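Given the structure is predicted, the values throughout are model-derived calculations rather than measurements. We count ligands from 1, going down the list as the structure has it; atoms in each ligand are counted the same way.
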Amino acid sequence: MLYIGSHVSFNKDTQLIGVVETALSNNANTFMFYTGSNQSTLRFPIDKNLTDKAHQIMCENNIEREKCIIHAPFIINLANNSDERKYQFYIDFLKQEIDRCIALGINNLVLHPGSHVSVPKDEALLSVSKGLNEALKEGQNINILIEYMSGKGTEVGSTIDELKTILENVIYKDKVFICLDTCHINDAGYNLNNFDDFLDEFDQKIGIDKIKCIHINDSKNSIGAHKDRHENIGYGTIGFETLINIIYNPRLDNIPKILETPFIEDKSPYKTEIEIIKQKKFIEFKWTFYICYKNLIILYKLRHLFYL
Ligand code: FE
Ligand code: FE
Ligand code: ZN
């Protein structure tokens, strides 16, 4: 079955209800969100009433909670343990995020492995595993999904081998998984036209059953650019056909696919992108956004002409 959705926003007043309603309005059957700003540690409390109501709406609309995703904030960096105080702060913050996931009943948490900065790479990979070992607890109902990164700057986790090392050194192996990202894999140096070769290698080294989520993004950059700039579906260097082949690859059936493509003129592209993915047929959609936007400006100017 196809589980397709996008990144959506989570706000203080509507919380999970707002998330579910946005996803439904995009005709999505899964979603991903941050439980607060992804650059800061400010977090508002989770409202149990809103959460219960949201679960009910999900149930009524056949959205399966096990297929929905939360993304941890970017600031958590388990790969650099050179400053003991900071490292401990990130672990504690991750623990808090895990508690928020559990309170929201969404148990898949995507985490960037982080940047090693000055620490040697093998030490950094070990530091990620150690951080996870400290943040996780026996019996906890949570899956941490380590994201495959593009290798921008000093990011770790941009090869299958590096991810394998992280997974090998975690204690709670049943709680740590992988989240792929098509833009990141492209930017890290793999040609996605040979995605089955990538999957073969992944399967042999880690196991396809470890993939719990796939971010579907086109890329603004060429293979191996180590840039990490997402592009709308069909408008980048990966291309529509290749992305469709990945989305519908039978080996990845039932794995939630999440769009993290950029907004166009401040408008969400997700409803349109989900539609063309379901149709498996590319239509130029950016220009309609531009036309809408420009007409709005014209209307606005006309209004000024007549009323002012
Ligand atoms: Fe991410
Ligand atoms: Fe991603
Ligand atoms: Zn990215």
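- Residues Phe195 and Leu252 form a side-chain contact, since some pair of their non-hydrogen atoms from C-beta on lies under 4.5 Å apart.
- No hydrogens or angles considered: nothing links the side chains of Asp13 and Asn11 as a donor-acceptor pair under 3.5 Å.
- The set of protein atoms (N, O or S) found at less than 2.8 Å from the Fe ion (ligand 1) reads His71 NE2, His112 NE2, Glu147 OE1, by chain and number.
- Between Glu168 and Lys164 there is a salt bridge, since at least one side-chain N of the basic residue sits less than 4.0 Å from a carboxylate O of the acidic one.
- Around the Zn ion (ligand 3), the two atoms NE2 of His230 and OD1 of Asp228 are separated by an angle of 90°, to 10 degrees.
- At a cut-off of 2.8 Å, His184 coordinates the Zn ion (ligand 3) through an N, O or S atom.
- Put simply, CG on Asn77 and CG on Leu111 are 9.5 Å apart, with the number rounded to the nearest 0.5 Å.
- In the hydrophobic clustering (ILVMFWY side chains linked at under 4.5 Å, chained through shared members), Leu145 is joined by Met32, Ile69, Val110, Phe177, Ile258.
- Between the side chains of His226 and Asp228, no donor N or O sits under 3.5 Å from an acceptor N or O.
- Partner of His7 under the ring-ring contact (aromatic ring centres under 6.0 Å, His included) criterion, out of Phe33, Phe31, Tyr34: Tyr34 alone.
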